[in-house]
There are 2 protein chains.
Amino acid sequence: MTKNKSLLLDIIRAAPRHMTAEQIFLAAKEQRPGIAMATVYNNLGALVAEGLIRRLHIVGQADRYDRNIDQHEHLVCDGCGRISDEKFEDFLAELSKQVGAAVSSYELNMHYLCADCRNDQL
Amino acid sequence: MTKNKSLLLDIIRAAPRHMTAEQIFLAAKEQRPGIAMATVYNNLGALVAEGLIRRLHIVGQADRYDRNIDQHEHLVCDGCGRISDEKFEDFLAELSKQVGAAVSSYELNMHYLCADCRNDQL
DNA sequence: TTTTAGAATTAGAATTGTTCTAAAATTATT
DNA sequence: AATAATTTTAGAACAATTCTAATTCTAAAA
């Protein structure tokens with residue numbers, strides 16, 4: 001665990017929401033102005049490989065990084081783009097049962113309109 | 001519906017599996033050697049917008065295109081990369097119930113090892 | 001302390017997948 | 001046939017990410 005790696009981990013853990021590599025890079029720069037984008041990508045990759053964070057893919061967006069490493073689901077507002085976490089109980093087991101094979105992991109992104117965006121439409 | 005668009009749609013509908021834009025481009029070239037990549041992207045985008053095909057995002061892979069336009073789930077083998085379809089009944093309604101809001105669509109990619117890859121590991 | 005070896009970091013080039021642009025070709029309309 | 005609208009093309013541009021090779025840091029050994 002190097003200084004940069006732990007700095008990035010701190011940033012991700014302190015973040016109120018799922019950040020892109022670029023946002024993490026900008027945040028890291030405030031404390032270590034010389035840091036390079038490649039260092040950010042290197043360390044994010046390492047942190048993902050070590051299982052300390054998770055990488056998120058949302059259609060049409062850059063990858064985001066999630067401090068929450070438990071299996072969980074994502075709710076994406078198609079109005080404002082905001083992403084929030086959901087937690088379905090025993091979902092992995094449920095999926096394994098449904099497909100009749102051991103599902104090791106999954107990504108579930110659900111799209112909807114959040115309350116704010118629903119109101120704006122009226 | 002132009003000639004190229006319908007050619008691409010035919011290719012996707014005839015495909016035994018989910019193809020990338022590049023694979024579709026190569027297949028289209030056999031029947032129309034001069035076709036440009038931009039035409040493929042243009043028409044794939046149009047077909048997706050018209051709801052005639054669906055676009056798929058799998059982590060770490062280029063987008064793929066799916067002839068099956070019903071909401072369904074994907075099972076990705078982490079051994080060979082093969083993607084297969086699943087169909088859970090009333091899943092969208094189930095998700096809406098779970099999150100307490102109207103989910104309009106979702107992507108669910110489940111990872112596992114297919115029977116072949118499981119056997120190879122023994 | 002210096003030396004050394006290995007790992008981490010850097011800057012920037014390269015790559016990938018995709019979109020954009022402007023001109024040319026095709027198709028449909030008058 | 002003339003005009004307009006649409007589609008296609010080739011290639012440039014782009015964004016996100018990965019790679020590369022030189023440099024710097026770190027920490028253990030001499």
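Letters A, B, ... are given to chains in the order of the sequence lines, protein chains preceding strands, and every chain is numbered from 1. Since the model is a prediction, treat every value here as computed from it, not as a measurement.
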Ring pair (Phe, Tyr, Trp, His ring centres under 6.0 Å) pairs, two or more places apart, involving residues 79-100 of chain B
B:F88-B:F91, B:F91-B:Y106
Ring pair (Phe, Tyr, Trp, His ring centres under 6.0 Å) pairs touching residues 68-87 of chain B, sequence neighbours excluded, are B:H18-B:H74, B:H72-B:H74
Does A:R32, at its CZ atom, have more than 12 non-hydrogen atoms belonging to other residues, nucleotides or ligands within less than 6.0 Å?
yes
Give a yes or no on this: more than 12 heavy atoms of other residues, nucleotides or ligands lie within 6.0 Å of atom NZ of B:K87.
yes
Tell me every residue that passes salt bridge (Lys or Arg N to Asp or Glu O under 4.0 Å) with B:E22, counting only those two or more places apart in sequence or in another chain.
none
Residues in salt bridge (Lys or Arg N to Asp or Glu O under 4.0 Å) with A:E86, at least two apart?
none
Can you name the side-chain hydrogen bond (donor to acceptor under 3.5 Å, both in side chains) partners of B:Q31, sequence neighbours left out?
none
With a strict under 4.0 Å distance from non-hydrogen atoms of chain A, what nucleotide opens and what nucleotide closes the contacted stretch of DNA chain D, reading 5' to 3'?
D:dA16 to D:dC19
Determine the minimum heavy-atom distance between B:C80 and B:C114, stating which atoms define it.
SG-SG, 3.9 Å
Check whether any side-chain heavy atom of [X] lies under 4.5 Å from a side-chain heavy atom of [Y], and answer yes or no.
X: B:L108; Y: A:E107; value: no
X: B:T2; Y: B:L7; value: no
X: A:N109; Y: A:V59; value: no

Hey, quick one: are B:Y112 and B:M110 part of the same hydrophobic cluster, counting side-chain heavy atoms closer than 4.5 Å, chains of contacts allowed?
yes
Enumerate donor-acceptor pairs with a distance under 3.5 Å from any side-chain N or O in residues 44-58 of chain B to protein atoms, sequence neighbours excluded.
{"unit_1": "B:E50", "atom_1": "OE2", "unit_2": "B:K5", "atom_2": "NZ", "d": "2.4"}
{"unit_1": "B:R54", "atom_1": "NE", "unit_2": "B:I69", "atom_2": "O", "d": "3.3"}
{"unit_1": "B:R55", "atom_1": "NH1", "unit_2": "B:Y65", "atom_2": "OH", "d": "2.9"}
{"unit_1": "B:H57", "atom_1": "ND1", "unit_2": "B:D63", "atom_2": "OD1", "d": "2.9"}

What pattern of brackets, bars and dots sums up DNA chain D from 5' to 3', given Watson-Crick or G-U wobble pairs under 3.5 Å, [ ] for crossing pairs and | for another strand?
||||||||||||||||||||||||||||||
Pick out the pairs of N or O atoms, protein on one side and nucleotides 23-30 of chain C on the other, that lie under 3.5 Å.
none

Taken to the nearest whole Å, CD/B:Q23 to P/C:dT18 is 11 Å
Atom CD1 of B:I24 and atom C1' of C:dT18: how far apart are they, to the nearest Å?
14 Å
Taking only residues two or more places apart in sequence, or in another chain, which ones meet B:A38 in a side chain to side chain contact (heavy atoms under 4.5 Å, CB included)?
none
If you round to the nearest 0.5 Å, how far is CD1 of B:I35 from CG of B:N4?
4.0 Å
Contacts to DNA chain C from residues 12-19 of chain B, heavy-atom cutoff under 4.0 Å, which residues?
none
Which residues within residues 26-48 of chain B lie with some heavy atom under 4.0 Å of an atom in DNA chain D?
B:G34, B:I35, B:A36, B:A38, B:T39, B:N42, B:N43
